[in-house]
Amino acid sequence: MVAAPPKLKVRNVHFNFDKVPKHWILGSSIATNFVNSMHVVFPEGEKFFVRSVRRFSKDIKDEHLKKEINSFCGQEGVHAREHQRFWEVMDEQGLKPDWFANFLKVTAFSGKYSYENVSKNLLNRLQPNLGDKFALSVTTALEHYTAIMANALFYEPMATNKNIAPQMLELLHWHASEEIEHKAVCFDVLKEVDDSYWLRVSGMGMATVLLWSYLGIGQIYFISQDKDKSIIKMPIETFLLFKTVIFGEIGKNLSKHLLSYFKRDFHPDDIDDRYLIEKFFKDKTYA
Ligand SMILES: [Fe+2]
Ligand SMILES: [Fe+2]
C-alpha cells in the first residue's frame, strides 16, 4: 500500500464554457452525447454520494476521516455545480437536459418509487440501517468507478486539445484529478461502518447496473435531441467510441482496475496514481 493521502482541498473553480462547439469530442455526436449524459448523471449522482456519506459522518470516530468527509462533500458539490452549469450550453444547443435530469431524479433518486427510496426503505425494514449502509456501499463502488475512469482519462491518447475542446478537457481533467484525490474517503467510511465483503461487492453490482443504464439512456436521449447529427457518420463514430472505450486505454484500464475491487483486501490506495494529480495541478492557479 502507498503512503497515506494528503489532506483534501476544495477548489472553488469556475469554468468558462464560451464557444464550446456542439460536438466537442472528435466532432462526434455519439462520443459527445455520451459525455453530455455524464454532465447530467454526475451532478445527481454526486448529490446522492453526499447524502449517503453524510448519513454516517456522526458515527465516524477517526477525526482525520471526519474532516475528509467534509472536504469530500465540498469537492463533490463543486463538481456537481460545474457540470450543471454546462446544462445552459446544452440547452442553447437544443439538447433539453432538464427532461433527462428530471427523469433521472424521479426514477433514481428523489421520486417516491425511485431506486434510492425503494431500496432504502425495503432494506431498512429488513434490518435497521441496512438500506443506508447499502446506499453507502453503492456510493463507494461508484467512487471506485469515477477514480478508475479518471485514471484512464490520463492515459487515453485521444484525450488531447486537438480532439476535445480545450475548456472541456480542462473540466474533465480537473474533475478526474479530484476523483483520484478523494478516492479512498467513502471506502474508509464504509470500512468503519460495516466491514462486510458481501455488502461491498453487492454495492458494486448495483452501481454497475445503475451507472451504465443511466449513461446509456442519457446518451440515446441526447442523440435523439441532436438535430445536427450526421446519420452517415454515425456508424464510424460508434466504431470509434467502442474502439476507445472497449479496446483502447480506457477499456484496458477500466477492466483491470475494476476487477481489483473484488479482492478481499482491496484498498483504493493500492492503485498508485496520486502522482497524476500532482502533475496536473503543478501549473494551475486554482490548485
Ligand atoms: Fe465528482
Ligand atoms: Fe467522487
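Read the numbers this way: they start at 1 and go in the same order the structure lists the ligands and their atoms. By convention here, the first residue in the shown sequence is residue 1.
Within E76, the N, O or S atom at minimum distance from the Fe ion (ligand 1) carries the name OE1. Within H79, ND1 is the N, O or S atom that lies nearest to the Fe ion (ligand 1). Of all the N, O or S atoms in E143, the one closest to the Fe ion (ligand 2) is OE2. For the Fe ion (ligand 2), the nearest N, O or S atom contributed by H182 is named NE2. With respect to the Fe ion (ligand 1), E179 has OE2 as its nearest N, O or S atom. Closest to the Fe ion (ligand 1) among the N, O or S atoms of H175 is NE2.
H79 and W174 have perpendicular rings, their planes meeting at more than 60° on a 0 to 90° scale where under 30° would count as parallel. Aromatic ring pairs are classed by plane angle as parallel below 30°, tilted from 30° to 60° and perpendicular above 60°; the pair F109 and F48 is tilted. Ring-plane geometry between F86 and H39 is classed as tilted, the angle between the planes lying from 30 to 60 degrees on a 0 to 90 degree scale.
In this structure a side-chain-to-backbone donor-acceptor pair under 3.5 Å is missing from T139 to F49.
Of the charged side-chain nitrogens involved, none lies within less than 4.0 Å of a carboxylate oxygen, so that K183 and E178 do not count as a salt-bridged pair.
A side-chain hydrogen bond (donor to acceptor under 3.5 Å, both in side chains) with H23 holds for exactly one of T32, D226, N33, D228; it is D226.
Because the distance cut-off is set at 2.8 Å, E46 qualifies as a neighbour of the Fe ion (ligand 1) through one of its N, O or S atoms.
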